Amino acid sequence: MSAEDLPDPTRIEGAPHPRDTAHLYGQSKAEAAFLDAFATGRLHHGWMLSGPRGIGKATLAWRIARFLLAQPAAGGMFAPEPPRSLDTDPDSPLAHRIRAGAEPGIFVLKRGPNATESALSQDIRVDEVRKAKAFLQLSSAEGGRRVVIVDAADEMNTQAANALLKLLEEPPAGVTFLLVTHQPARLLPTIRSRCRELRLNTLGPEDMAPALSAAGIEPGEPADTAALAALAGGSVGEAVRLAHLDGLSSYAALMTLLGTLPRLDRPQAIRLADSVAGRQAEKLDLMLGLIEIALARLARTGVQGPPHPEAAEGEADLMVRLSPNAAAALKWAGLHQLLHERARRGQAVNLDPAALVMDMLLEMTAAAA
């Protein structure tokens, strides 16, 4: 496999690339904050776009990049009115170049191939930052605005982070750095201090529906959209992944099985565990994630009452039965933490997927009893 054949680490499978996403839903406050800084001449050279995965941070980064490169040079007393939106002409030559990945004014700093070019590196390495530095040096003679998108900044290793810090400390003229970060605390404090933060929020069902439609996902019923939003925690990217892997059906099957607790239906449990045996890692990741979601919703039910909306038929009654009070909520919360750590260890040592899932189901059975 060559480097060109490797997947793009900045794209969620089943969804359009962020640069091809025309609209951003549910993030009007972040957009307004950036526009205000631009219009008042307080455009910072470094911006940190933070929030959970899949809520539109990369999409916003590309919207900002398009917007900045589309702005005319300063026009003195004849300058146009400050823009009121990040929208740009989708049919402009700039837009076509960006969609083709051929815009010379944008550099994307992301994970590259590993040493053998057989897979993606697990982190962003210093060699990739050196490419960004070379891009800035080569493009400086052309003048105009330039944008560096770092996706995701918390994937940089220590050497890469220190190299990027040097660029942020002495930013070239006309350059804007856009750092997409899911976990800002993982960044160097000195990097955070040199960036202005734009905090993005998770999406509610009212924004999730058009966002999923824009991503090419059309749930069969409005209830499916609400269920995807609930399971995804307001993350469009996670909702796309769930839809792509038929996560709603898998969660419904899990709820049916948990409905047999505290007397676990073992044949049914074995079938569910075997459904991930020998499958791709994403199937195991899905099931482990759904189990953790179920545990978290059980813990919340004991304190806040039944979940709304339901993510599967009969879920609310089941949650109330298994988690009727705060004491039960505490038990489920503790199990959530225990099984989260156990799942990660099991994956790290390549434990048999079916055995790992069955172990978690048996732990839930013991807690229900």
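All values reported here derive from a predicted model rather than from experimental measurement. Values below: every heavy atom of this structure, side chains too, minus hydrogens, waters and symmetry copies.
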Hydrophobic cluster membership, L290 vs L264, 4.5 Å side-chain cutoff: yes

Determine the sole option in V147, D20, V108, T21 for which the side-chain contact (heavy atoms from CB on, under 4.5 Å) test with W62 is passed. V108

For the residue pair W47 and H44, does the interplanar ring angle fall in the parallel (under 30°), tilted (30 to 60°) or perpendicular (over 60°) class? perpendicular

Give the cluster check for L35 versus L69: same hydrophobic cluster or not, with ILVMFWY residues linked at side-chain heavy-atom distances below 4.5 Å. yes

With sequence neighbours excluded, tell me which residues meet side-chain hydrogen bond (donor to acceptor under 3.5 Å, both in side chains) with D87. R63, S85

Sequence neighbours excluded and cut-off under 3.5 Å, please list the side-chain donor-acceptor pairs for residues 357-369, or say none.
from: D359; atom 1: OD2; to: R342; atom 2: NH1; distance (Å): 3.0
from: E363; atom 1: OE2; to: R342; atom 2: NH1; distance (Å): 2.8
from: T365; atom 1: OG1; to: L361; atom 2: O; distance (Å): 2.9

Nearest heavy-atom approach of L136 to V175 is CD2-CG2, 3.7 Å

Is it the case that more than 12 heavy atoms not belonging to K133 sit under 6.0 Å from its NZ atom? no

Locate the shortest heavy-atom distance separating V129 from A163; write the atom from each residue and the value. CG1-CB, 3.6 Å

Is D285 salt-bridged to K283, cutoff N-O under 4.0 Å? no

Is there a path of hydrophobic side-chain contacts, each under 4.5 Å between heavy atoms of I, L, V, M, F, W or Y residues, that connects L120 with V126? no

Among N157, I191, L188, which residue satisfies the side-chain contact (heavy atoms from CB on, under 4.5 Å) criterion with N162? L188

In plain terms, say whether R344 and E292 are close enough for a salt bridge, that is, a side-chain N and a carboxylate O under 4.0 Å apart. yes

Find the distance between CZ (R19) and CZ (R11) and round it off to the nearest 0.5 Å. 8.5 Å

Counting only N and O atoms by type, is there a donor-acceptor contact under 3.5 Å from the side chain of R42 to the main-chain atoms of F38? no

Per the salt bridge (Lys or Arg N to Asp or Glu O under 4.0 Å) rule, which among R97, R145, R146 passes with E103? R97

To the closest 0.5 Å, what do you measure between CG (L295) and NZ (K331)? 11.5 Å

If we ignore angles and hydrogens, is there a donor and acceptor under 3.5 Å between the side chains of R241 and H244? no

Do NZ/NE/NH1/NH2 and the carboxylate oxygens of D274 and R271 come within less than 4.0 Å? no

